[in-house]
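Take a look at the structure below.
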2 protein chains.
Amino acid sequence: MKELFGSPGRKSGLILRIGQCVSAAASIGVMASASGFSTTTAFCYLIASMGLQVLWSFGLMCLDIHALRFNKDLHTNIIVSLFVVGDWVTATLSLAAACSSAGVMMLFIRDTNICNEDLNLSCDMFQISIAFAFASWFLLAISSYIMFWLVASI
Amino acid sequence: MKELFGSPGRKSGLILRIGQCVSAAASIGVMASASGFSTTTAFCYLIASMGLQVLWSFGLMCLDIHALRFNKDLHTNIIVSLFVVGDWVTATLSLAAACSSAGVMMLFIRDTNICNEDLNLSCDMFQISIAFAFASWFLLAISSYIMFWLVASI
């Protein structure tokens, strides 16, 4: 199996996982602290999806740290196949959550005047949270492509 | 290069392209005929994104028909690499459009009572259009994975 940038058990892979974990956690933190998020299903789904991504990326981050510390090889077919399925499912759910929230946000800002009228809604916080969600998805998408490439090139 | 189900220049590949093209065109048709879609940015973006997908899938469908008719081989590195980039970009845009519209639809139906109050909005038509968009994305995602697998396994 090839050794690529970002593959499991390498420092670049660990950095990607840390980035995913931190930006997903930031997205949850900002959204949960914004007032009025619970009235919109898309924002609740964003929190749920980012929660799943934090769990997944944190798990793989720990595995990467373990592999780096004890010099273990994670490049076996079964492990990388598991990673690729998990990465793709999580990445699709994250993109879906970020896009549905972005769609609602466009409705709030451009199509209607809800953000200006309803001062209970923290629209700025929603936007920051969605930006973090997109950043998190982007980093996860890089990991997913690397994993898929590793599996396909066996 | 491997010969896989759905690879370019095969009947299965052609069927996938026809499916993508038909469901994306159906999504545009249903959305464009629904009253009140133009007031929501997400629905306009859905039409634009599905339009791009119709163009892309129709082009590749014609190429598949040409290859099948004249027995041409489309399995060269450059052609498949171009297909993989185009497929992934289109699939990501389609998923983004379908999800942002679905997020707005959830807001209309579950979080607020807009669909019942504003009788100018054809909410049923919006939902049918979004369902077609998801079907179209799903078929494109299958093609994208096959293309990526073909490129990675060179």
Side-chain angles (χ1 to χ4, degrees), chain A residues 1-2 4 7 36-46 48-49 80-81 84-85 87-89 91-114 118 121 126 130 133-134 137-138 140-142 144-154, chain B residues 1-2 4 7 36-46 48-49 80-81 84-85 87-89 91-114 118 121 126 130 133-134 137-138 140-142 144-154:
Chain A
M1 203 176 269
K2 288 176 191 169
L4 289 172
S7 55
F37 82 90
S38 58
T39 53
T40 307
T41 310
F43 296 157
C44 297
Y45 172 50
L46 185 82
S49 175
V80 181
S81 301
V84 82
V85 174
D87 265 352
W88 277 107
V89 170
T92 309
L93 292 177
S94 295
L95 180 63
C99 289
S100 57
S101 300
V104 171
M105 212 56 236
M106 287 299 284
L107 186 87
F108 281 1
I109 296 176
R110 260 185 73 163
D111 307 328
T112 61
N113 225 356
I114 293 178
D118 189 348
L121 292 176
F126 295 158
I130 293 166
F134 273 112
W137 163 75
F138 182 73
L140 189 58
I142 297 173
S144 310
Y145 277 104
I146 295 163
M147 294 294 167
F148 196 66
W149 194 271
L150 281 174
V151 170
S153 59
I154 293 169
Chain B
M1 202 177 267
K2 289 177 191 169
L4 289 172
S7 54
F37 82 90
S38 58
T39 53
T40 308
T41 310
F43 296 157
C44 297
Y45 172 50
L46 185 81
S49 175
V80 180
S81 303
V84 83
V85 174
D87 266 352
W88 277 107
V89 171
T92 309
L93 292 177
S94 296
L95 179 62
C99 290
S100 57
S101 299
V104 171
M105 213 54 235
M106 287 299 283
L107 186 88
F108 281 0
I109 295 176
R110 261 186 73 165
D111 306 330
T112 62
N113 225 357
I114 293 177
D118 189 350
L121 293 176
F126 295 158
I130 294 167
F134 273 112
W137 163 75
F138 182 72
L140 190 57
I142 296 174
S144 310
Y145 277 105
I146 293 163
M147 293 295 167
F148 196 67
W149 193 271
L150 281 173
V151 170
S153 60
I154 292 169

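Values below: every heavy atom of this structure, side chains too, minus hydrogens, waters and symmetry copies. A, B, ... follow the sequence lines: proteins, then strands. Residue 1 opens every chain.
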### Task
Among B:Thr92, B:Thr40, B:Thr112, single out the residue with the greatest number of heavy-atom pairs under 4.5 Å to chain A.
B:Thr40

### Query
What distance do A:Asp87 atom CG and A:Ile146 atom CD1 have between them, rounded to the nearest 0.5 Å?
9.5 Å

### Query
Which one of A:Gly103, A:Ser100, A:Ala96 has the most heavy-atom pairs closer than 4.5 Å to chain B?
A:Ser100

### Query
Side chain, backbone, both or neither: which part of B:Ala102 has an atom under 4.5 Å from a heavy atom of chain A?
neither

### Summary
Between the CG atom in B:Leu46 and the CE atom in B:Met105, the distance rounded to the nearest 0.5 Å is 12.0 Å

### Query
For A:Thr39, is it the side chain, the backbone, both, or neither that has a heavy atom closer than 4.5 Å to a heavy atom of chain B?
backbone

### Summary
Highest number of heavy-atom pairs under 4.5 Å with chain A among B:Thr41, B:Val104, B:Leu95 belongs to B:Thr41

### Message
Quick check for you: to the nearest 0.5 Å, what is the distance between B:Cys44 atom SG and A:Asp111 atom CG?
### Response
8.0 Å

### Message
Check the orientation of B:Tyr145 and A:Phe148. Use parallel for under 30°, tilted for 30 to 60°, and perpendicular for over 60°.
### Response
perpendicular

### Query
Can you say whether B:Phe134 sits under 4.5 Å from chain A via the side chain, the backbone, both, or neither, judging by heavy atoms?
neither

### Message
Is there a side-chain contact (heavy atoms from CB on, under 4.5 Å) between B:Val151 and A:Trp149? Walk through the geometry before answering.
### Response
CA-CA 9 Å; B:Val151 170; A:Trp149 194 271; 3.9 Å; yes

### Summary
In terms of heavy-atom pairs under 4.5 Å with chain A, the winner among B:Phe43, B:Tyr45, B:Trp88 is B:Trp88

### Task
Could you give me the CA-CA distance, side-chain angles and deciding distance for B:Ser94 and B:Ser49, then say whether side-chain contact (heavy atoms from CB on, under 4.5 Å) is met?
CA-CA 6 Å; B:Ser94 296; B:Ser49 175; 4.0 Å; yes

